[in-house]
Student: 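Got a structure for you, questions after.
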Amino acid sequence: MESLTEDTQRSAEAYAERAGSRKAFFTDTSICIGCKACEVACKEWNRNPQDGDLEVLGSSYDNTGALGANTWRHVAFVEQDQDRIEKARESGRKLVSLGMPRVGPPAQAGAAAGAQDGTAPPDTAEFRWLMSSDVCKHCTHAGCLDVCPTGALFRTEYGTVKVQEDICNGCGTCVGGCPFGVIERRDEGIIRAKTERAQSKYAQEIPNEGTANKCTFCYDRLVDGQTPACAQTCPTTSIKFGDREDMVESARQRVAELHQQGMTEARLYGANPNDGVGGTGSIFLLLDEPEVYGLPPDPRVPTKDLPRMYQRAVLAAGGMLAAVGVSFVLGGRR
Amino acid sequence: MTRITPLEWPVIRQLRTRDSSGRGAAVTSKKTRETSPRTSDADTVVQSICPYCAVGCGQKVYAKDNRVVHIEGDPDSPISRGRLCPKGAASEQLVNSAGRQTKVLYRAPRSREWESLDLDRAIDMIADRLLTARRKHWEDTDQHGNPVRRTMGFASLGGATIDNEENYLIKKLFSAAGAVQIENQARI
Amino acid sequence: MTTSEHDHHRPPEPPRSGRRGRKAAEGAREIPMVEKPEFSSYYGRAVVKAPPWGDEIGAYLFLGGLAGGSSLLSLGAQLTGSRILQRNARLTALGAVGLGTVALIHDLGRPERFLYMLRTFKITSPMSVGSWVLTSFSTGAGVTAAVEVDRLTGHRLPLGPLRRVLHALEGPAEAQTALLGAPLSSYTGPLLSNTAVPTWNAARDELPFVFVSSAALAASGAALVFTPVRETQPARALAAIAAVGDVVSMKLMKKRMHPVEAEPLKTGGPGTLLKWAERLAVSGAVGAVVFGGHRAPAVASGALMLGASALTRIGILRAGLASARDPRHTIEPQKARLEARRAQGVVHDSITTAG
Amino acid sequence: MAECHPVGFQWVTEAKQRGARIIHVDPRFTRTSAVADRHIALRAGSDIVLLGALINYVLTHDLWFEEYVRAYTNAATIISEEYQDPEDLNGLFSGYNPEDGTYDKSTWSYQSATGRETVGEPGAETEDDAAEPHEFGAGGPPLSHANVRRDETLQDPRCVFQVLKRHFARYTPEMVEQTCGISVDDFTYLANSITENSGRERTTAFTYAVGWTQHAQGAQFIRTAAILQLLLGNMGRPGGGIIALRGHATIQGCTDIPTLFNLLPGYLPMPEAGQHNTLQTYLDSIGSKKQKGFWANADAYTISLLKAWWGDAATQENDFAYDYLPRLTGAHGTYQTLERMLRDELDGYFLIGQNPAVGSANGRMQRLGMSHLKWLVVRDFSLIESATWWKDGPEIHTGELRTEDIETEVFFLPAANHTEKAGSFTQTQRLVQWRHQAVTPPDDAQSELHFFHELGKRLRQRLAGSQDSRDRPLLDLTWDYPTDAHGEPDPEAVLAEINGFHVSGPDQGEPLSTFNEMRADGSTAGGCWIYTGIYADRVNQSARRKPGQEQDETAAEWAWAWPANRRLLYNRASADPQGRPWSERKKYVWWDDEQQRWTGKDVPDFPVDRAPDARPEPDAGGPAALAGDDPFIMQADGKGWLFAPHGLVDGPLPTHYEPPESPIGNPLYGQQSNPARIVLPGKDNLLAPSALQPGSEIYPHIFTTYRLTEHHTAGGMSRFLPYLAELQPEMFCEVSPEFAAEIGLEAYGWATIISPRSAIEARVFITERVTSLTIAGRRVHQVGLPYHWGVGNEAVVEGDAANDLLGLTLDPNVHIQGSKAAQCAVRPGRRPRGPELTKLVEDLRQQAGLTVETGNERLTVPWGEPQDQPRGEQ
């Protein structure tokens, strides 16, 4: 059963000379200061409408909630006490001791070993406040791209995934196709925010209503050789941007560096090309289990199982034909 | 519905190009192929400084037809290296905010509502009131007979986003008018 | 402490009127079973998003299946010379597929761009494959139905030369609709399963069988309702087979899933719908087989079967939407599957790596 | 710093990745703490105990940078015998005058080298002539001469070093634990981190913001850190110093070229009635010709300013129009002006981009004050709460004010924003950066330059031909700036005037290039001497934009820093007394022997040709009097002041006093709060009883106010923007789980916070980021309150203003209000609406038995008793 998942090499070749090297984000959450500049810069550049009902959401300093049609960058805030930190370190050590084959070139021998005996972790042990800027993953095998019937979603020459807002007819199948719950249709329900009702003067004109919306990796800036708005504005460069190999390499160096400092809870998310989505275009350095940040622990692009699904569908169709045949044979005789 | 010419139809392009699965080059629309950044048609790009906090981050202000279209960090600045915080990144919305009041408003004594007022007339009314207050509360000497030559009739409280040149003119004008109750956010 | 896994110790969240907050509150309130592995999420918020599909899509699934099934009955009727059954089946097929397409277009965010569905042919997109199947099926069904209408109206329709073309096309059109009838009924399985919605994705092996059974059930139901008893024997037989298929495949489907993924099919609104769907299917089929010979019970049984099929489709649709809202339905099965692979020594394919 | 100066924080992130240790000391665990190595929580208002204990730790463990301290500070200087320390007077310094709460500073003076008399203030014949607190420019106080007695062995009990040691002797780690709530372990960690990272090879930096300044002795908080940094040799060196993170785009500019009551441009003091009746007495009070340092040339700076303002009308004969300057009679700060408003003594009020109805302490008093005005002019971008209080304000809802009864005329004039006008901002490192104009202002919006120039023209038109001498200053004013088509004056012309130019002589009309070119004979004019050089060679230096990547880390060719484009002040101290860098690693400015000049990575902050071993003749004065090893060129003795004989009005050394509202008694002395603080007793400014006195149980908890990254001070530039309002939509308070459990607060529910001034409601964030502390044996809870929200109808989001809770007690040096530590009561649920609100506030006042005097008695120890006063009862 040959796989139906995308061969990004072939997609790049289809662009011939226009194909640039694949671009990617590396988000190092260990230096994120939760300032949300990325959220604002993204909204300002893309003219995305203000979101939500202007109420406290009950999730520490996060009143944005989640990624969606109007919010393409979302900063998560998680407050953790001592035992949660210890659990995160434990799961991190487990990850290291799994004898995971090094992804890519062998990191210095000391990295893994260093993590074992673990020099003393940083001094604030009894409390920590995790912050992380979430974004579309721009997966190697992108669920949204695969299931899109109109070709509105496409793999750009930079290896990123973008919605062509002039093509999308808002069928919504991509929303279900994304294993990370990133893309969303800009519907009637999620736009009529409180600003609409309370102060008409703050109502914004809503672009691309009814179509699917997600991070475009600032495609319009990339074609002009510019840095995406969020990466440019990030004060501490927690959001790094560049060619994917460089991003993966700096991610690995950073996680090794943190392990040497005893922060065994540091782990990478999306750097492994053999994972369920073929590795992502946004690599994260997390300090706890992915689900603590609202990320799926073992995402898998549905396309991987599509051949089997088609096979089952053909079988069922055959069964149906047989059933009708049999029923006419039985029905005919009486 | 873009005009589907036979050859332009993505299904055909899928068959004719490497992108047979219809996930990339074959499905791009004309508009996508002609994508350019929103600021590419800006008339001017000006180097400015963020109006919010005292770090003094550099800003590049893009304007078109005398209207600001985009503001982002200025990579040349040795202080901010092209970066901005959430407030700095929202500067374009500060400049074009729907909440901005760009016409003079006047509230008469005991009135319940604003009324509009011509700017020129407003400045005249303010000038008259200032001179009246100045005259009414003028003091030549203090109770010990020392010269003070000042008015205690009006005061001012400035924010800390007033340019140096503006501060200079305000202090110069009000001091010459004899006012001493000139204050600023710098003390609050 | 505002960590998320202590949600169940905290008093129930105050009713959140915020759009996103509203969803979180429902998920966070139920009490996870004690022996569950350490479950944590981001303030109880969804990890994946369900497609924005309302009940129109449920209607389409039902009508699409009905049309597919009816086209097969029509073929069968042609081979066994049951004229009325064929006519009714053909008209039902066109009526169903026509209504279904309208429902689909109405659900689109930008209905005016519905033709863009035929902009590409993407094998990786069940909706793209489905769109092509639906379009060609509809043209075929249109031709056969037009012929039937022409006959019904005694050739008085001012068709002129078109009539000859129409009748010439009747044969191939019949073959076309019959050939696409089954795929039209079964492609909706991958359409739902080829998503990250936990319950639909987990049901991928059995869902096509549920949908074809449900389609056949609906078709035989319609036949019993519209066609005189003397020509409905095959429909009654099909009803029996379809009902058995429906019940068996639903049971198998739920068993094969991770309990957390199957939960939305058994609990809440969707659970009730699916229980009633099963009762209607069984009673309808029994009624058809035993009393199908008489007109009144046949119509009643037919109606029950149609109802059963509709309830099954809407039940499965809503179960999927519910499964996407609560993060537990995504996280726990995935963690279990990850742990299982690691236990077997498969360590190269995790998205989380140490280096 | 990550909260309110996020982009500046990139440098801290980079330093940390290069191995720097980041310690965040703050009552709350903030976004800075999240990426710091350790967060140390302390009780708001107890900073001097912590910093004093660090000084004590450095001295007792002999960890001070000996060579630096001996050469560059006044450690060896002998203090007059009359000086008495709080250790002797139970919390007071010698020279306290109970009537008006001021100090006579003569007993704090240096011992003169020649005889027994002390080195007093020049020109101050009698004691009560000593300058008023607000007299001093920030450049440092004057000394009659710099010839003082010193004990180089630092053993003499009256030398500064020993006085300092004795003063902080009781500031022990245990005292820190009792008073600040910081464990001995945390204190030791902090002390070791600082001391191990200071000395020749390494430097430690302190950064602070209003967390230190907004207290009743804010200036002294910063002084304590200055003493510590001097002892550790961190001043004037790269990676050291005390970095003020100021909160506004050009708040530094607003003190350099001030719209402040007590300052003229360049930190020259405003003349005081009775003290400075003539130009000569004014100049003598600023700096004597015999004292060291650049303040000695204050005559040139002052006369250049007068020439800039009044041009030809300022002549030798009329003391350069010195008499045109209005005089002060005491303090005329924003809070004194508010009191006059309430007494109907003020007719008109200009609000220029400021929102006191939400942003000033005691918000209710501010709004009530404005209702007494005859006319109010608000110049802003949007209809901020200070423009709409008369119809939407909280007092309208409680019925204390009725719109129909408010007589105030209100003018709202739209203002131009930073892209609609050219001009310069001075950021927190004294860097003056030019902004270019991108677009023209819409409709009626004007820049302040345009509006005030126009207003000035119309005032002069109305007074033209007036023979009244009071109008001369306006009529003789130099006010003819070139204007563009729209009538907007050219900002560069104003900058040229600020920079200064030659009025006469060979290069008449040419801009000055340094303030050394300023003359006291009227031949030069200059609006602000410290900015001279910004327009040198007719080039707007502040508009220079050489990209940072093409320069070294000092980036001297980007914009222009005052003074003289120097980026790090007192950088002579980055070299040892012989002019050699303390270490290769921390090289910055050093003496180049061949060229006989100071050189390095920055403009040397020292006479460039003054050799390290140069010693001035005995009676030299001004810059010429600076020895080769006097790096602190603005101080009257060229040395860093561990002990400040003049300059601060509430003590030569910082000492701990409890905030005006505090849960405990002062553990160190009988004197409870700063005896020199400025109090504003009044029925709208009642204070909570402190130190377990009767009634203090009604307001048992501490609250502190702060800012968030997503909003900007009173919200005028953030609550009116959807993209920022949605990030932090509602007013909230942050409480510890222990405190929430104690009074039944619900996570993300509502709480009402009541203070003697008002009551507000806020959503409840229960979080471990705010810790309850054990202070003096009692469990004390702290409530955190951001202050961005205000009551109105125009913004995207609104909410109650935390400033309504705050009282007014001012720091005596700079008159800043105490906003960081006060007492409150907290109850679950929302606050009452309408008149019920004022009733609730009044009820608690009654229960606590508050009177106008409560908390305002300055002296809490018997005064004038003999010295054997008990050290300080526990």
Side-chain angles (χ1 to χ4, degrees), chain A residues 28-37 39-44 48-65 70-71 75 77 79-82 122-131 193-195 198-199 201-204 233-238 254 257 261, chain D residues 1-14 16-17 21-24 29-40 186 189 193 708-710 720-732 734 737 747-749 762-769 771 793-797:
Chain A
D28 178 357
T29 63
S30 71
I31 55 172
C32 171
I33 54 173
C35 74
K36 305 179 190 175
E39 288 191 38
V40 176
C42 172
K43 283 210 169 188
E44 192 269 329
N48 284 343
Q50 177 260 324
D51 215 339
D53 280 351
L54 296 176
E55 281 184 5
V56 160
L57 286 188
S59 38
S60 184
Y61 274 17
D62 168 18
N63 295 310
T64 304
N70 303 331
T71 302
V75 181
F77 288 81
E79 302 183 16
Q80 297 187 331
D81 53 16
Q82 185 139 14
D123 306 311
T124 310
E126 66 289 349
F127 180 82
R128 71 176 182 174
W129 198 7
L130 296 183
M131 296 166 204
K194 192 167 152 189
T195 46
Q199 257 97 22
K201 69 181 178 192
Y202 285 105
Q204 285 164 304
T233 203
C234 176
T236 59
T237 68
S238 167
R254 178 62 178 157
E257 187 186 303
Q261 293 166 10
Chain D
M1 183 174 173
E3 286 274 0
C4 299
H5 302 83
V7 182
F9 196 74
Q10 67 186 278
W11 302 105
V12 175
T13 306
E14 217 148 290
K16 186 173 182 216
Q17 275 174 344
R21 174 177 297 179
I22 316 294
I23 303 171
H24 185 224
F29 185 103
T30 71
R31 283 176 259 211
T32 309
S33 328
V35 288
D37 286 307
R38 179 177 290 201
H39 167 251
I40 298 179
D186 272 348
Y189 171 87
S193 303
L708 300 169
T709 310
E710 296 90 339
F720 289 76
L721 277 61
Y723 282 167
L724 291 178
E726 69 174 325
L727 298 180
Q728 289 284 15
E730 290 184 272
M731 170 64 179
F732 59 87
E734 293 182 307
Y748 302 108
R763 302 300 298 271
V764 175
F765 281 30
I766 298 177
T767 168
E768 299 224 0
R769 291 184 292 100
T771 48
N793 275 337
E794 304 297 332
V796 180
V797 289

Student: Please give me the minimum heavy-atom distance between A/Val56 and D/Pro729, naming the atom from each residue.
Tutor: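 Nearest heavy atoms, A/Val56 then D/Pro729: N-CG, 3.9 Å.
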Student: Counting only heavy atoms closer than 4.5 Å, note whether A/Ser30 contacts chain D via side chain, backbone, both or neither.
Tutor: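 A/Ser30 touches chain D through backbone heavy atoms alone.
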Student: Please name all residues satisfying ring-ring contact (aromatic ring centres under 6.0 Å, His included) with A/Tyr61, sequence neighbours left out, ordered by chain then number.
Tutor: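 Result, ring-ring contact (aromatic ring centres under 6.0 Å, His included) vs A/Tyr61: A/Trp129, D/Phe732.
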Student: So which heavy atom on A/Pro235 is nearest to which on D/Pro6, and how close?
Tutor: CB-O, 3.6 Å
Student: Compare every heavy atom of A/Tyr202 with every heavy atom of D/Glu794, then report the nearest pair and how far apart it is.
Tutor: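 The answer is O-OH, 2.9 Å.
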Student: Counting only heavy atoms closer than 4.5 Å, note whether D/Thr32 contacts chain A via side chain, backbone, both or neither.
Tutor: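 Neither part; nothing is under 4.5 Å.
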Student: Testing the basics here: between A/Asp81 and D/Glu768, what is the closest heavy-atom pair and its distance to 0.1 Å?
Tutor: CB-OE2, 4.4 Å
Student: Please report the shortest heavy-atom distance between A/Leu54 and D/Glu730, naming the atom on each side.
Tutor: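 Closest pair (atom of A/Leu54, atom of D/Glu730, distance): O-CG, 4.2 Å.
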Student: Nearest 0.5 Å please: distance from the OG1 atom of D/Thr767 over to the CZ atom of A/Phe77.
Tutor: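 Spacing of OG1 (D/Thr767) from CZ (A/Phe77) equals 12.0 Å.
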Student: Quick check on D/Glu3 against chain A: is it the side chain, the backbone, both or neither that has a heavy atom closer than 4.5 Å?
Tutor: side chain
Student: For D/Tyr723, is it the side chain, the backbone, both, or neither that has a heavy atom closer than 4.5 Å to a heavy atom of chain A?
Tutor: both
Student: Which atoms of A/Thr29 are under 4.5 Å from chain D, going by heavy atoms: the side chain, the backbone, both sets, or neither?
Tutor: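 The answer is neither part of A/Thr29.
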Student: Look up atom CZ in D/Phe765 and atom OG in A/Ser59, then write down how far apart they are to the nearest 0.5 Å.
Tutor: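 D/Phe765 atom CZ to A/Ser59 atom OG measures 8.0 Å (nearest 0.5 Å).
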Student: Mind checking whether A/Gln50 and D/Val796 have side chains closer than 4.5 Å, heavy atoms only?
Tutor: no
Student: Can a salt bridge be assigned to the pair A/Glu55 and D/Arg763 using a cut-off of 4.0 Å between side-chain N and carboxylate O?
Tutor: no
Student: Under the criterion side-chain contact (heavy atoms from CB on, under 4.5 Å), I'd like the reasoning laid out for D/Gln728 against A/Asn63: C-alpha separation, chi angles, the key distance, then a yes or no.
Tutor: CA-CA 6 Å; D/Gln728 289 284 15; A/Asn63 295 310; 3.0 Å; yes
Student: Less than 4.5 Å to any heavy atom of chain A: does that hold for the side chain of D/Val35, its backbone, both, or neither?
Tutor: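 Side chain of D/Val35 only, per the 4.5 Å heavy-atom cut-off to chain A.
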Student: So which residue, A/Met131, A/Lys36, A/Glu44, ends up with the most heavy-atom pairs under 4.5 Å with chain D?
Tutor: A/Lys36
Student: Which atom pair, heavy atoms only, marks the closest approach of A/Ile31 to D/Gln17?
Tutor: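 Distance-wise, the nearest heavy atoms are CG2-NE2, 3.7 Å.
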Student: Rounded to the nearest 0.5 Å, what separates atom SG in A/Cys32 from atom CZ in D/Arg31?
Tutor: 9.5 Å
Student: What distance do A/Ile33 atom CD1 and D/His5 atom NE2 have between them, rounded to the nearest 0.5 Å?
Tutor: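 Between atom CD1 of A/Ile33 and atom NE2 of D/His5 there are 12.0 Å.
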Student: Need one label for A/Cys234: side chain, backbone, both or neither, based on atoms under 4.5 Å from any heavy atom in chain D.
Tutor: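 Contact with chain D: none, neither part.
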Student: Given a strict heavy-atom distance threshold of 4.5 Å, which part of D/Glu726 is in contact with chain A: side chain, backbone, both, or neither?
Tutor: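 When you check distances to chain A, atoms from both the backbone and side chain of D/Glu726 fall under 4.5 Å.
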Student: Check whether any side-chain heavy atom of A/Thr64 sits under 4.5 Å from a side-chain heavy atom of D/Leu727, and report yes or no.
Tutor: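 Yes. Closest side-chain heavy atoms under 4.5 Å.
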Student: Looking at residues at least two apart in the chain, or sitting in another chain, which of them share a side-chain contact (heavy atoms from CB on, under 4.5 Å) with D/Cys4?
Tutor: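 By the side-chain contact (heavy atoms from CB on, under 4.5 Å) rule, D/Cys4 matches D/Arg707.
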